[in-house]
Amino acid sequence: MIDLTERVAIVTGASRGIGRDTALALARAGADLVLLARSEDRLRVVAEEIEQLGRRALPLKADVTVAEQVTAAVTEAKRQYGRIDVLVNNAGITRDGLLLRMKREDWNAVIETNLTSVYLCCQAVLPHMLRARYGRIINITSVLGQMGNAGQTNYAASKAGIIGFTKALAREVASRNITVNAIAPGFIETAMTEALDEKRRQELIASIPLGRVGEGRDVAAGVVFLASEAAGYITGQVLNINGGIYM
């Protein structure tokens, strides 16, 4: 069983979906959590769930596209916990549309939230990890960053960018015992998949070799593994959790 006792993990986009499931899984493994999102009320609910598991939780309202808010959140996390061991960059949005009609603001919003936030959060935590000569950075990308999807050029570009970023940063910080990996989920039960009509949902399931849409806990299990000592010799990799839809 993976033991993350005494580790402190920051999870962005932690108020719901994959972020919430990831935060809870890390807590069950023994970690204390710093929760970042724009919804303060939802963060408090997740924090209470973590505390019921016997772990500490620090909910911090922050827009991860704003450098000053990211820096302030990381500074507060370090002040309260004294260390930062794990960063999970999970925050993400979609603004779908065919490229010919895509508005510039929809392109910018997705790139800023999904990709630029990864740069900002990594830059904020790295000084602490470098001094400690230890760190686990886990970036949530997507199968769509590998295979693409019509109507999602902005999303696919942002998620593909995370993969390149992950590999480059892994090379930069490996000598300080900091690993940087990515997880590429396939189609996971989220608000986006819940909005699909039944016909499209069944078509989607038929395209997945394992015959089901994934759950947040599937992704969370991968995060816990990559955050652990068992994954200490793994860096610069993309862990595909997609039911076989892209091999």
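If you read the sequence from its start, that first residue is 1, and numbering goes on from there.
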Are the side chain of [X] and the backbone N or O of [Y] linked by a donor-acceptor pair below 3.5 Å?
X: Gln237; Y: Thr235; answer: yes
X: Thr12; Y: Asn90; answer: yes
X: Thr141; Y: Ile162; answer: no
X: Asp85; Y: Val8; answer: yes
X: Arg55; Y: Gly30; answer: yes

Nearest 0.5 Å, what's the [atom1]-[atom2] distance between [X] and [Y]?
X: Asp21; Y: Glu189; atom1: CG; atom2: CD; result: 11.0 Å
X: Ile18; Y: Arg217; atom1: CD1; atom2: CZ; result: 13.5 Å
X: Asn242; Y: Met147; atom1: CG; atom2: CE; result: 9.0 Å
X: Asn181; Y: Leu226; atom1: CG; atom2: CG; result: 5.0 Å
X: Met102; Y: Gln152; atom1: CE; atom2: CD; result: 8.5 Å
X: Leu43; Y: Arg16; atom1: CG; atom2: CZ; result: 11.0 Å

[X] versus [Y]: any side-chain heavy-atom pair under 4.5 Å?
X: Arg201; Y: Ile205; value: yes
X: Ile137; Y: Asn89; value: yes
X: Leu24; Y: Glu49; value: yes
X: Arg212; Y: Asp218; value: yes
X: Arg56; Y: Gln80; value: no
X: Ile178; Y: Leu126; value: yes
X: Asn114; Y: Lys159; value: yes
X: Cys122; Y: Phe165; value: yes

Intermediate values then yes/no, side-chain contact (heavy atoms from CB on, under 4.5 Å), Lys167 and Arg171: CA-CA 7 Å; Lys167 292 177 179 292; Arg171 291 182 180 275; 5.8 Å; no
Say whether [X] and [Y], considering side chains only, have a donor N or O and an acceptor N or O under 3.5 Å apart.
X: Gln52; Y: Glu48; result: no
X: Gln146; Y: Asn240; result: yes
X: Ser39; Y: Asp41; result: no

side-chain contact (heavy atoms from CB on, under 4.5 Å) between Leu26 and Leu33, worked out: CA-CA 8 Å; Leu26 289 166; Leu33 273 297; 4.1 Å; yes
Which heavy-atom pair separates [X] from [Y] by the least distance, and what is that distance?
X: Pro59; Y: Arg44; answer: CB-N, 4.5 Å
X: His128; Y: Lys78; answer: ND1-CE, 3.6 Å
X: Val11; Y: Gly19; answer: CG1-O, 3.8 Å
X: Val46; Y: Arg20; answer: CG2-CG, 3.9 Å
X: Ala23; Y: Ile50; answer: CB-CD1, 4.1 Å
X: Ser158; Y: Val110; answer: OG-CG1, 3.8 Å

CD (Glu6) with more than 12 external heavy atoms under 6.0 Å: no
Over 12 foreign heavy atoms within 6.0 Å of NZ, Lys61: no
Chi angles and distances behind the side-chain contact (heavy atoms from CB on, under 4.5 Å) call for Leu120, Val64: CA-CA 7 Å; Leu120 292 174; Val64 290; over 6 Å; no
Member of Leu36, Ile10, Val34 meeting the side chain to side chain contact (heavy atoms under 4.5 Å, CB included) criterion with Val74: Ile10
The single option from Arg176, Arg7, Met129, Arg83 passing side chain to side chain contact (heavy atoms under 4.5 Å, CB included) against Tyr134: Arg7
Hydrophobic cluster membership, with links at side-chain heavy-atom distances under 4.5 Å among I/L/V/M/F/W/Y: are [X] and [Y] in one?
X: Val86; Y: Leu130; result: no
X: Trp107; Y: Leu144; result: no
X: Val118; Y: Tyr155; result: no
X: Ile84; Y: Leu60; result: yes
X: Leu35; Y: Tyr81; result: no

Thr179 and Ile234: CA distance, side-chain angles, deciding distance, side-chain contact (heavy atoms from CB on, under 4.5 Å) verdict: CA-CA 7 Å; Thr179 64; Ile234 300 172; over 6 Å; no
